[in-house]
Amino acid sequence: MNIMNTQGHITAAFATLSCLGWITMFVAKKTGRLWLGNCFGIVYHIALAPVVQALPAPEFVKMAGYFWIFGDALIDVASINGMSEDNVWALRMGVHVPACIWIIGASLGMTALPLGLGVVLGVLLALHAIAGPKIPDAKFKLFIFVLPCMAAWLGLIAINA
């Protein structure tokens, strides 16, 4: 097995782990297990570090990806340690801006389906981060589009790695 295949397998494994952490995070939070959901949020975000590194993107795009995943992991830990959910939510919306930059920027080097899905996901995350306070039931509306889109996008990364 050459190093390119090994790197692809590692990227696929971490994208899959991140996707599983992502889905489990939402399931735990939606069933009232905030602490467990935040723990899986940490897994989901930290597992993305090798994916950020592996996907072809300009350095500033990768930096945005790292800022997002480590910022969101920090927010998960702050929530575990008792930060109010209003503050957690406001900070999370803030780190979704660099998330958008990474998702869209990394998607630009992909084939048509993950490219289109990544651009839609990034744009919707950006709009939600900025307009969220004006949207009734914003958390639920974020859940409706982000859960399937992010899961599909990470799945496509895993399949194509």
Side-chain angles (χ1 to χ4, degrees), residues 14-32 34 37-38 40-49 51-80 83-160:
F14 277 101
T16 301
L17 176 62
S18 181
C19 187
L20 293 173
W22 169 253
I23 293 167
T24 307
M25 175 191 74
F26 268 107
V27 169
K29 286 183 176 184
K30 290 297 174 190
T31 58
L34 184 61
N38 283 320
F40 277 103
I42 294 166
V43 170
Y44 150 62
H45 289 101
I46 300 303
L48 281 174
V51 178
V52 171
Q53 179 61 38
L55 294 180
E59 194 62 30
F60 80 93
V61 170
K62 289 184 180 199
M63 293 304 295
Y66 291 129
F67 183 85
W68 164 51
I69 61 176
F70 296 132
D72 236 342
L74 178 135
I75 293 165
D76 288 329
V77 171
S79 179
I80 288 169
M83 180 182 273
S84 77
E85 282 305 304
D86 285 344
N87 288 335
V88 165
W89 186 251
L91 289 171
R92 197 170 307 282
M93 291 302 96
V95 298
H96 280 177
V97 173
C100 302
I101 293 167
W102 178 67
I103 292 168
I104 292 171
S107 294
L108 295 177
M110 297 179 185
T111 59
L113 185 57
L115 166 64
L117 186 57
V119 169
V120 168
L121 175 60
V123 168
L124 289 175
L125 272 176
L127 290 173
H128 188 273
I130 295 165
K134 305 291 184 201
I135 300 170
D137 202 15
K139 286 184 183 181
F140 180 71
K141 290 177 179 156
L142 178 66
F143 167 78
I144 288 173
F145 77 80
V146 170
L147 180 64
C149 287
M150 182 62 88
W153 190 69
L154 289 170
L156 289 169
I157 290 170
I159 291 168
N160 293 315

Determine the interplanar angle of the F26 and W22 rings, folded into 0 to 90°, and report it as parallel if under 30°, tilted if 30 to 60°, perpendicular if over 60°.
-> perpendicular

List the steps, then state whether side-chain contact (heavy atoms from CB on, under 4.5 Å) holds for I69 with I46.
-> CA-CA 6 Å; I69 61 176; I46 300 303; 5.9 Å; no

Would you say F60 has more than 12 foreign heavy atoms packed within less than 6.0 Å of its CZ?
-> no

Would you find more than 12 non-hydrogen atoms of other residues, nucleotides or ligands less than 6.0 Å from Y66 atom OH?
-> yes

Is there side-chain contact between L74 and F70, with at least one heavy-atom pair below 4.5 Å?
-> no

Got L48 and W68 here, is their nearest side-chain heavy-atom distance under 4.5 Å?
-> yes

Any chance you could measure M150, atom CE, to C19, atom SG, to the nearest 0.5 Å?
-> 9.5 Å

Can you give the donor-acceptor pairs under 3.5 Å from side chains of residues 106-118 to other protein atoms, not counting sequence neighbours?
residue : atom : partner : partner atom : Å
S107    : OG   : I103    : O            : 2.6
S107    : OG   : W153    : NE1          : 3.0

Between CD1 on residue I23 and OH on residue Y44, distance to nearest 0.5 Å | 11.0 Å

Backbone of G21 reached by a side-chain donor or acceptor of T24 within 3.5 Å = no

Identify the heavy atoms of L154 and S18 that sit nearest to each other, and give their distance.
-> CD1-OG, 3.8 Å

Under 3.5 Å, side chain of S79 to main-chain N/O of V88, donor-acceptor pair present?
-> no

For C100 and A126, work out which heavy atoms get closest and say how close.
-> SG-N, 3.1 Å

How far apart are the closest heavy atoms of I42 and A73, and which atoms are they?
-> CG1-O, 4.1 Å

Verify, without hydrogens or angle tests, whether N38 (side chain) and L34 (backbone) share a donor-acceptor contact under 3.5 angstrom.
-> yes

Mark yes or no for whether H128, through its side chain, and L124, through its backbone, hold a donor-acceptor pair below 3.5 Å.
-> no

Those residues that, when tested against F14, pass ring pair (Phe, Tyr, Trp, His ring centres under 6.0 Å) (two or more places apart) | none

Any donor and acceptor pair, going by atom type alone, linking the side chain of K62 with main-chain N or O of Q53 inside 3.5 Å?
-> yes

For residues G105 and A57, report the shortest heavy-atom separation together with the two atoms involved.
-> O-CB, 4.3 Å

Do V120 and F145 have side chains that get closer than 4.5 Å, going by heavy atoms?
-> no

Residues 91-98, side-chain donor-acceptor partners within the protein, below 3.5 Å, at least two apart:
residue : atom : partner : partner atom : Å
R92     : NH1  : D72     : OD1          : 2.5
R92     : NH1  : D76     : OD1          : 3.2
R92     : NH2  : D76     : OD1          : 2.9

What closest approach, in Å, do C149 and L121 show between heavy atoms, and which atom pair accounts for it?
-> CB-CD1, 3.8 Å

